[in-house]
Amino acid sequence: MTATRDLMLPHIRRLKVYQGVEPMEVMARKSGIPPEKVIRLNGNENPYGPSPRVLEALGSFQSYNHYPDPEQRRLRDALSGYLGLPADQIVAGNGSDEIIDLLLRMFVGPGENIIIPAPTFGMYAFSAEICAGWAIPVPRDEAFEIDLEAMRLAITPETKACFFASPNNPTGNIATAAQIRDLLETGLLVVVDETYYEFCGHTVLPLLREYPNLVVLRTFSKWAGLAGLRIGLGAMHPDLAQTMMSMKPPYNVNLAAEVALLVSLEDSMVLLERVRSIVAERDRMMGLLAQIKGLTPWPSQANFILCQLPEGRGKEIFDGLCSRGIFLRYFSTPRLRDCVRASVGLPHETDAVVKALAELVSG
Ligand SMILES: Cc1ncc(COP(=O)(O)O)c(C=O)c1O
């Protein structure tokens, strides 16, 4: 294997694994708790799952033996209604992750870079590194707000793009339209990842009319509960969309995902009602966490809450949660030392997390 490994591109050989969420059985094995008792709040997933009509439609669809449409005609038409944009400005992807990957492959070559306000979603840096490029992290301020001045100063001749998540993962706060506009004026590609849009209602989609260098990302993983089927999208200038359509794998979105997306849009009233329940539960969880002495939860506009644990006790408390079968996302980077991110789940899951945290923090 060593000789074959030597043939590999050096930057691929050096690549660090992206830590995705583990399957339920693995979490169950690690904690010694039966899978049905595991509380899985580390992936910002939708606790209600897909709409019942989606499950029915997936079971009765007859044409899984056919390839999907490489032009994504039905998908792009349906998405055009959802976004209020012409279909030629939309590309559907295997999750918004795939659109991030395609954008980086379109724009970033060896030695080139993107600017990211840190901390943020890990896939931007990961996908840049796959292209032999890199991400320049520009620290957010004390309140996790974007530092525009520092971002502008970080731009180098090799900079191609800025990537923002809004609301940001894991901090939960949004970037304002004024901040996005400011960076769009630099002429760089500006990608605004609105994966959590439905939980807050803030969007910069209308800016697409003014700025050909803007790309907005959305997904059906969170609000529509389709994370396992992998379907997201990018909205962009028609020239960019045309190029992305020509370079994507022809059948990048599978037919099950297509069926699920079409029915989710028809059933969006039900799904958005669930989103409202998740938002109400987030606010309840925020109130409960804020009452625990020693914890500092950060206000969030998404379906998760970042929470600062007592200094120096992050790992111990996280391990204590795991041993009770409660899985949150743990961070140990300097800016997020002793922090966990809890996805908003069902009310009984919130209660279990809050009870366990209160006990572990005081104990
Ligand atoms: C900010 C952000 N962007 C993109 C994604 C990926 O979404 P998808 O499931 O559509 O690939 C996530 C997933 O958690 C995320 O937090």
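Remember, it's a predicted structure, so these values are computed and weren't measured experimentally. Counting starts at 1 for both ligands and their atoms, following the listed order. Numbers for residues simply follow the sequence, beginning at 1. Atoms considered below: every heavy atom in the structure, side chains included; atoms not considered: hydrogens, waters and symmetry mates.
Under the ring pair (Phe, Tyr, Trp, His ring centres under 6.0 Å) criterion, Phe304 pairs with Tyr196, not counting sequence neighbours.
Heavy-atom neighbours of Arg74 CZ from other residues, nucleotides or ligands within 6.0 Å: at or below the threshold of 12.
Closest heavy-atom approach to atom 12 (C) of ligand 1 among the candidates Phe121, Tyr124, Phe304: Phe121.
Of all atoms in ligand 1, listed by their number and element, those nearer than 4.0 Å to a heavy atom of Lys222 are 13 (C), 14 (O). Close approach of ligand 1 to Tyr196 (heavy-atom distance below 4.0 Å) involves ligand atoms 1 (C), 13 (C), 14 (O), 15 (C), 16 (O). Atom numbering of ligand 1 starts at 1 in the shown order; those under 4.0 Å from a heavy atom of Arg230 are 8 (P), 9 (O), 11 (O).
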Applying salt bridge (Lys or Arg N to Asp or Glu O under 4.0 Å), run through Asp101 and Arg105 and close with a yes or a no.
CA-CA 6 Å; Asp101 179 64; Arg105 288 198 281 138; 3.2 Å; yes

Intermediate values then yes/no, salt bridge (Lys or Arg N to Asp or Glu O under 4.0 Å), Arg181 and Glu210
CA-CA 10 Å; Arg181 227 179 237 286; Glu210 282 171 70; 2.8 Å; yes

For Glu25 and Arg29, run salt bridge (Lys or Arg N to Asp or Glu O under 4.0 Å): C-alpha distance rounded to whole Å, both residues' side-chain angles, the deciding distance at 0.1 Å, then the answer.
CA-CA 6 Å; Glu25 312 77 72; Arg29 207 174 328 119; over 6 Å; no

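Residue-ligand proximity: Gly232 is placed with every non-hydrogen atom at 4.0 Å or more from ligand 1. Glu98 does not count as a contact of ligand 1, since none of its heavy atoms falls under 4.0 Å from the ligand.
Donor-acceptor pairing under 3.5 Å is recorded for the side chains of Thr156 and Asn113. In this model, no donor atom of one side chain and acceptor atom of the other lie less than 3.5 Å apart for Arg329 and Asn44. Using modelled atom types, one finds a donor on one side chain and an acceptor on the other under 3.5 Å when comparing Gln72 with Asn252.
Of the protein's non-hydrogen atoms, Ser96 OG, 3.1 Å is the one closest to atom 7 (O) of ligand 1. If you check which protein heavy atom lies closest to atom 10 (O) of ligand 1, you get Thr219 OG1, 2.5 Å. If you check which protein heavy atom lies closest to atom 6 (C) of ligand 1, you get Asp97 OD1, 3.2 Å. In terms of protein heavy atoms, atom 1 (C) of ligand 1 is closest to Asp193 OD2, 3.4 Å.
In Met123, neither the side chain nor the backbone holds a heavy atom less than 4.0 Å from any atom of ligand 1. Of all the heavy atoms of Ser221, the ones lying under 4.0 Å from any atom of ligand 1 belong exclusively to the side chain. With a heavy-atom cut-off of 4.0 Å, Thr195 touches ligand 1 through its side chain alone.
Within the structure, salt bridge (Lys or Arg N to Asp or Glu O under 4.0 Å) pairs that include any residue of residues 127-142 do not occur (at least two apart or interchain).
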